[in-house]
Number of protein chains: 4
Amino acid sequence: MSSSHANSQEKKKDRRSVREESRAVYRQAIMQAAIQIFGRTGFRDTKIADVAAEAGVATGTLYNYFSSKEDIFQSILDDGRERLGAELELLANIEDPLVRLRELVRVMFGFLEQHGALFSIYMQIGVNPVTFKCEADAGDEAFRQAILAQITAFLAEAGARVRLDHPSQTLAMALGGLINAAILAWVEGGCQPGLSDQTEVIMDLFLYGATPR
Amino acid sequence: MSSSHANSQEKKKDRRSVREESRAVYRQAIMQAAIQIFGRTGFRDTKIADVAAEAGVATGTLYNYFSSKEDIFQSILDDGRERLGAELELLANIEDPLVRLRELVRVMFGFLEQHGALFSIYMQIGVNPVTFKCEADAGDEAFRQAILAQITAFLAEAGARVRLDHPSQTLAMALGGLINAAILAWVEGGCQPGLSDQTEVIMDLFLYGATPR
Amino acid sequence: MSSSHANSQEKKKDRRSVREESRAVYRQAIMQAAIQIFGRTGFRDTKIADVAAEAGVATGTLYNYFSSKEDIFQSILDDGRERLGAELELLANIEDPLVRLRELVRVMFGFLEQHGALFSIYMQIGVNPVTFKCEADAGDEAFRQAILAQITAFLAEAGARVRLDHPSQTLAMALGGLINAAILAWVEGGCQPGLSDQTEVIMDLFLYGATPR
Amino acid sequence: MSSSHANSQEKKKDRRSVREESRAVYRQAIMQAAIQIFGRTGFRDTKIADVAAEAGVATGTLYNYFSSKEDIFQSILDDGRERLGAELELLANIEDPLVRLRELVRVMFGFLEQHGALFSIYMQIGVNPVTFKCEADAGDEAFRQAILAQITAFLAEAGARVRLDHPSQTLAMALGGLINAAILAWVEGGCQPGLSDQTEVIMDLFLYGATPR
DNA sequence: TATGAATGAGCATTCATTCAT
DNA sequence: TATGAATGAATGCTCATTCAT
């Protein structure tokens with residue numbers, strides 16, 4: 001009897017965990033599909049039906065996992081931020097601030113290479129603060145600012161090893177621009193592998209400029 | 001009689017030119033209105049009715065001057081490109097390629113300051129080649145490339161006055177990134193006057209980098 | 001010239017009044033159609049598309065005249081209330097309160113005979129205070145109460161000509177019940193002409209009861 | 001062995017009757033829950049999920065006991081009719097037809113007081129023969145008619161003790177209207193206890209009318 | 001048999017475009 | 001040619017029902 005009881009409990013647990021796992025799997029599948037479609041078509045032009053089709057589920061199913069089209073979009077952004085944020089946190093161990101800066105660039109490039117489609121979602125809001133309205137970009141703008149703040153802090157920590165006749169913010173903005181330019185070129189080139197290799201080039205131009213020494 | 005005939009012809013001409021002028025005035029009014037609304041609301045979220053209201057005409061009237069919502073949008077872009085292109089052509093007179101480069105930056109910044117609302121239209125397509133689909137961005141991407149090509153040419157013309165261990169395209173891309181960064185910061189700051197003043201800063205960072213000499 | 005000017009003004013006026021008239025015609029046509037369909041199908045089961053079809057217009061057209069499905073429903077109720085209210089006001093001239101009461105019954109019966117379909121709309125909210133929730137019934141419940149209040153007042157004015165061992169409100173409630181019963185029977189009988197003829201019967205039963213004198 | 005056999009048969013019986021009892025318990029629980037929710041929200045606005053939640057079962061379970069949402073609704077009505085019918089049958093013992101009539105009113109009032117929520121379900125179809133369409137109201141309309149027929153019969157049985165210048169049906173209809181009015185007032189007053197006390201008032205007004213003797 | 005997630009038909013509303021005046 | 005009302009296709013979301021576990 002006790003075994004049967006234990007068994008029943010076990011089954012319940014199993015069922016629950018199976019269900020939870022299944023939920024996670026569905027959520028991920030939907031988000032992956034949505035990343036593809038949003039990335040390809042843009043938020044407004046994406047039809048929920050298309051996302052469902054890409055995910056291989058019925059439209060109604062989406063609403064068992066997300067409350068609305070916007071919720072899906074937000075969840076993708078949040079998820080991406082979380083992942084990138086986690087990767088960036090690992091940089092804290094690096095002693096030298098300029099090395100840390102270089103690795104930050106490398107991490108971002110690596111992240112984009114891994115999550116190409118996700119990136120174009122970011123493009124829809126991150127690069128264009130004017131177009132995309134309040135609802136959706138709040139969190140993301142904060143994230144952009146957070147990265148810029150980190151770059152600024154690294155530069156400040158570098159002290160006299162970088163120029164002091166421009167404020168750290170200005171230098172950070174410049175590096176941000178160079179990173180974006182590399183990304184843009186990479187996207188235009190069709191997202192071919194090798195973005196990470198641009199790290200050295202970007203850092204070289206950032207640190208030493210276009211003039212020969 | 002001949003005078004009367006001449007008169008009649010003149011009248012016809014007048015009438016025709018008056019009509020043409022009137023058409024041009026309407027077109028301009030509609031485009032101005034559309035720039036405001038598109039800039040404020042984004043392409044997809046803009047309603048034709050709002051553009052018409054802003055322009056002070058009936059919705060049907062728009063379709064006497066433009067064939068569709070997209071046509072209006074495209075016309076705005078073409079118009080802007082034409083104007084900026086004309087301003088950039090004036091640079092040809094400048095001898096020194098690096099001075100020419102600096103003035104190119106200044107011209108772009110000046111243009112943006114003058115056409116703030118127009119700029120955010122550009123944002124909707126120019127900065128994000130991924131999102132905005134084929135129909136609309138063809139012309140604009142070409143324009144972007146044209147500017148980059150010009151920058152590249154200027155840099156090539158500068159010969160050994162710039163580093164030769166990176167291809168001119170790479171340097172051009174870097175300058176493009178710095179320009180974009182400055183623009184982005186300007187927009188985030190609320191498009192306050194003074195963007196042109198960033199020309200020196202951008203060129204300084206581009207040419208000499210972040211490392212003290 | 002002045003004549004031409006006057007003419008132009010006239011035309012404008014004409015156009016405006018024609019337009020206003022046209023608007024009114026459309027509104028009425030849509031409301032009539034909606035009365036039919038709501039009456040036949042009930043609020044929830046009525047599809048906007050059906051109303052539009054019945055009215056002979058496109059679905060979008062409805063929204064040029066009403067802001068929502070509920071707005072159409074409300075407008076029908078308001079309109080009906082207004083008409084019935086106007087008819088009831090004419091009773092004020094009648095001296096004898098009991099005659100006035102009888103004529104009130106006759107007016108209500110006559111109104112229903114004229115607006116049969118409209119009646120079943122009333123049924124959807126008026127008779128069932130429990131089911132139909134807050135949004136829609138506020139105005140109508142108030143109207144019901146207003147009529148009951150009027151009946152109550154007439155009875156009070158009748159003084160000792162009616163029984164004083166029950167409060168006027170109770171008597172009014174009873175008369176209301178008799179009216180409703182007659183209406184119900186009339187509806188069940190297929191809304192055949194002759195409802196007004198029930199006035200005397202209802203008043204007779206109300207005043208003298210079921211017991212022979 | 002035979003005992004074991006008998007035992008086994010007994011067990012089967014037990015098991016079956018246990019199962020049947022269990023089925024009945026579930027059915028009742030679901031119907032009770034549905035009465036609450038339907039009464040609160042109305043048929044169309046009630047979600048099966050809400051009924052299931054109120055009943056404390058899964059949505060799928062409902063469909064093991066009822067074939068559809070409408071089936072649940074119908075079952076509630078049938079059940080209520082059955083119960084009320086049973087109570088009304090007890091009146092048969094009463095000799096005097098007018099006393100029987102009075103007790104019929106009392107039984108109905110008592111039934112409503114006991115089954116308040118059920119009542120508002122009745123309201124959704126019983127009082128409004130126009131709105132609620134054929135599928136659902138057939139049974140109920142029949143029941144309404146059955147009650148009216150009973151009232152009519154009682155009145156006919158009363159012979160000259162009631163007025164003969166109106167057909168019994170008309171008198172029955174009048175009493176039905178008075179009953180409804182009392183119910184309506186009771187509902188509007190929030191279903192406070194004491195509805196049964198209205199029996200005397202209703203009968204008094206029905207029998208003697210509003211005119212003092 | 002209970003479960004609860006998947007299903008997908010159904011529907012109110014929007015808005016670019018057309019067209020009669 | 002200007003007008004602005006009519007048009008109707010398009011789409012996000014709901015929820016009764018089914019079904020695999």
Side-chain angles (χ1 to χ4, degrees), chain A residues 11-12 14-16 18-19 22-23 26 44-53 55-72, chain B residues 19 22-23 26 44-53 55-72, chain C residues 11-12 14-16 18-19 22-23 26 44-53 55-72, chain D residues 19 22-23 26 44-53 55-72:
Chain A
K11 264 185 188 168
K12 254 188 196 166
D14 272 13
R15 199 178 289 168
R16 201 183 313 147
V18 161
R19 198 159 274 168
S22 158
R23 274 199 77 79
Y26 262 90
R44 290 297 311 245
D45 287 335
T46 289
K47 290 170 246 177
I48 283 288
D50 293 343
V51 174
V57 300
T59 56
T61 304
L62 295 201
Y63 290 86
N64 290 334
Y65 295 91
F66 301 91
S67 66
S68 68
K69 189 180 172 185
E70 289 215 332
D71 184 24
I72 300 178
Chain B
R19 192 167 283 170
S22 159
R23 275 198 77 80
Y26 262 93
R44 289 297 312 235
D45 289 333
T46 289
K47 292 173 240 176
I48 283 288
D50 292 344
V51 174
V57 300
T59 56
T61 305
L62 295 199
Y63 288 86
N64 290 331
Y65 296 91
F66 301 91
S67 67
S68 70
K69 191 181 171 184
E70 288 217 332
D71 184 25
I72 300 178
Chain C
K11 265 185 187 168
K12 254 188 198 166
D14 272 12
R15 200 178 288 168
R16 201 182 313 145
V18 162
R19 198 160 276 166
S22 158
R23 275 199 77 80
Y26 262 91
R44 289 297 311 244
D45 286 334
T46 289
K47 291 170 247 178
I48 282 288
D50 293 343
V51 174
V57 300
T59 57
T61 303
L62 296 199
Y63 290 87
N64 288 336
Y65 295 90
F66 301 92
S67 67
S68 70
K69 190 180 170 183
E70 290 216 331
D71 185 23
I72 300 179
Chain D
R19 193 167 282 168
S22 158
R23 276 199 75 81
Y26 261 94
R44 288 298 312 236
D45 288 335
T46 289
K47 292 173 238 177
I48 282 289
D50 292 344
V51 174
V57 301
T59 56
T61 304
L62 294 199
Y63 288 86
N64 289 331
Y65 296 90
F66 301 91
S67 67
S68 69
K69 190 181 172 183
E70 288 217 331
D71 185 23
I72 300 177

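These numbers were taken from a predicted model, which means no experiment stands behind them. By convention in this document, chain letters (A, B, ...) are assigned in the order of the sequence lines, proteins followed by strands, and residues within each chain are numbered from 1.
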| request: Would you mind telling me which residue lines up with the more 5' stretch of DNA chain E, D/Ser22 or B/Ile48, judged by nearest nucleotide? | output: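 Between the two, 5'-proximity favours D/Ser22.
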| request: Could you say whether C/Ser67 or C/Lys47 is positioned toward the 5' end of DNA chain E, judged by the nucleotide with the nearest heavy atom to each? | output: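 With C/Ser67 and C/Lys47 compared, the 5'-side residue is C/Lys47.
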Is any side-chain nitrogen or oxygen of [X] closer than 4.0 Å to OP1 or OP2 of [N]?
| X | N | result |
| --- | --- | --- |
| C/Tyr26 | F/dA6 | yes |
| B/Arg23 | F/dT1 | yes |
| B/Tyr65 | F/dT1 | no |
| D/Asn64 | E/dT1 | no |
| C/Thr61 | F/dT7 | yes |

Taking atom [atom2] of [N] as reference, at what distance in whole Å does atom [atom1] of [X] sit?
| X | N | atom1 | atom2 | answer |
| --- | --- | --- | --- | --- |
| D/Glu70 | F/dA16 | CD | P | 12 Å |
| A/Asp50 | F/dA10 | CG | P | 13 Å |
| D/Leu62 | E/dG4 | CG | C1' | 12 Å |
| A/Tyr63 | F/dA16 | OH | P | 17 Å |
| D/Ile72 | F/dA16 | CD1 | P | 10 Å |

If I take atom [atom1] from residue [X] and atom [atom2] from residue [Y], how far apart are they, to the nearest 0.5 angstrom?
| X | Y | atom1 | atom2 | answer |
| --- | --- | --- | --- | --- |
| A/Asp71 | A/Tyr63 | CG | OH | 10.0 Å |
| C/Asn64 | C/Phe66 | CG | CZ | 11.0 Å |
| D/Leu62 | D/Ser68 | CG | OG | 11.0 Å |

| field | Nucleotide nearest A/Lys69 (side chain, heavy atoms from C-beta), chosen from E/dT7, F/dT17, F/dC13 | value |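 Looking only at side-chain atoms, A/Lys69 lies closest to F/dC13.
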| task | Check every atom of E/dT13, F/dC13, F/dT3 against the side chain of B/Ala58 and return the nucleotide holding the closest atom. | result |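 Among E/dT13, F/dC13, F/dT3, the one nearest the side chain of B/Ala58 is F/dT3.
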| Check: C/Ser68 side chain, E/dA12 base, donor-acceptor under 3.5 Å |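 No pair found.
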| request: Write down the atom of A/Ala49, the atom of A/Thr59, and the distance for their closest heavy-atom approach. | output: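 Here A/Ala49 and A/Thr59 meet closest at CA-CG2, 3.9 Å.
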| field | Base partner of F/dA20, which must satisfy Watson-Crick or wobble distances under 3.5 Å | value |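 F/dA20 is paired, partner E/dT3.
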